[in-house]
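These numbers were taken from a predicted model, which means no experiment stands behind them.
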Amino acid sequence: MQPDFEKLQKAFADTPNVVVADLDCAGNAQSTCGQYGVQGYPTLKMIVDGKPVDYNGARSFSGMKREVETKLNPRPACSLESKE
């Protein structure tokens, strides 16, 4: 799953309203993991409308990408080309 997750991070790296991140819950991110109810590895969460949602879908790149596109409505960064 790690290679597909890293591919997902790269796919959305320039998308300002989508952040694909991984946390080390045994290290410095313990409080953040506790805040979002992460209790084991791997745990995937999405923050939709400011609320954490468990992700139990496909662990492949295409499955995770589809879920991000469906739930988070990714938008490109503003540019002169997009005029948004």
Side-chain angles (χ1 to χ4, degrees):
M1 186 183 96
Q2 187 67 30
D4 286 333
F5 191 79
E6 289 171 0
K7 189 174 175 183
L8 189 72
Q9 287 177 310
K10 288 177 185 171
F12 290 102
D14 295 326
T15 307
N17 70 314
V18 174
V19 176
V20 180
D22 56 324
L23 303 171
D24 178 2
C25 292
N28 294 333
Q30 286 180 351
S31 64
T32 303
C33 293
Q35 176 184 351
Y36 289 102
V38 176
Q39 297 179 359
Y41 176 84
T43 298
L44 299 180
K45 301 268 187 180
M46 297 180 76
I47 309 300
V48 180
D49 296 326
K51 298 178 182 123
V53 177
D54 290 336
Y55 175 74
N56 296 308
R59 301 291 174 112
S60 65
F61 169 74
S62 60
M64 291 185 290
K65 183 176 183 281
R66 184 174 38 254
E67 192 75 6
V68 167
E69 291 171 342
T70 301
K71 297 267 171 56
L72 300 179
N73 188 27
R75 294 183 293 278
C78 294
S79 69
L80 293 174
E81 290 80 27
S82 69
K83 297 183 177 140
E84 294 182 27

Going hydrophobic residue to hydrophobic residue with side-chain gaps under 4.5 angstrom, can you get from Val48 over to Val19?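 No.
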
For atom CD of Gln2, is the number of surrounding heavy atoms from other residues, nucleotides or ligands below 6.0 Å larger than 12?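 Above 12, so yes.
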
Non-hydrogen atoms of Pro42 and Met1 that approach each other most closely: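 The answer is CB-CE, 3.8 Å.
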
Indicate the atoms forming the closest heavy-atom contact of Asn17 with Pro74, along with that distance.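 Smallest heavy-atom distance, with atoms named: OD1-CA, 3.5 Å.
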
Could you give the distance from CG (Asp22) to OG1 (Thr43), rounded to the nearest 0.5 Å?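 Answer rounded to 0.5 Å: 12.5 Å.
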
Less than 4.5 Å apart, any side-chain heavy atom of Val18 and any of Val68?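 Side chain of Val18 against side chain of Val68, heavy atoms only: contact under 4.5 Å found.
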
Can you pull out every salt bridge (Lys or Arg N to Asp or Glu O under 4.0 Å) where at least one residue sits in residues 31-58? Sequence neighbours excluded, please.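 For residues 31-58, and leaving out neighbouring residues, the salt bridge (Lys or Arg N to Asp or Glu O under 4.0 Å) pairs sorted by first residue read Lys45-Asp54.
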
Ile47 and Val20: same hydrophobic cluster, using ILVMFWY side-chain contacts below 4.5 Å?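 Cluster IDs for Ile47 and Val20 differ.
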
Minimum side-chain heavy-atom gap Leu72-Met46 below 4.5 Å: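 Answer yes - side chains close enough.
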
Atom CZ of Arg59 and atom CG of Leu8: how far apart are they, to the nearest 0.5 Å?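 It comes to 12.0 Å.
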
Electrostatic pair Glu6-Lys10, nearest N-O below 4.0 angstrom: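 Here Glu6 does not pair with Lys10 in a salt bridge, since their nearest N and O are not under 4.0 Å apart.
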
For Ala29 and Leu23, work out which heavy atoms get closest and say how close.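 Taking Ala29 first and Leu23 second, the nearest heavy atoms are CB-CB, 3.9 Å.
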
Where do Ala58 and Gly63 come nearest, in terms of heavy atoms and distance?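 Looking at all heavy atoms of both residues, the shortest contact is CB-CA, 3.9 Å.
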
Kindly list each side-chain donor-acceptor pair under 3.5 angstrom involving residues 30-37, sequence neighbours excluded, with atom names and distances?
residue	atom	partner	partner atom	Å
Gln30	NE2	Ala26	O	3.3

Starting from Leu44, can I reach Val53 by hopping between I/L/V/M/F/W/Y residues whose side chains sit under 4.5 Å apart?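 In one cluster with Val53: Leu44, yes.
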
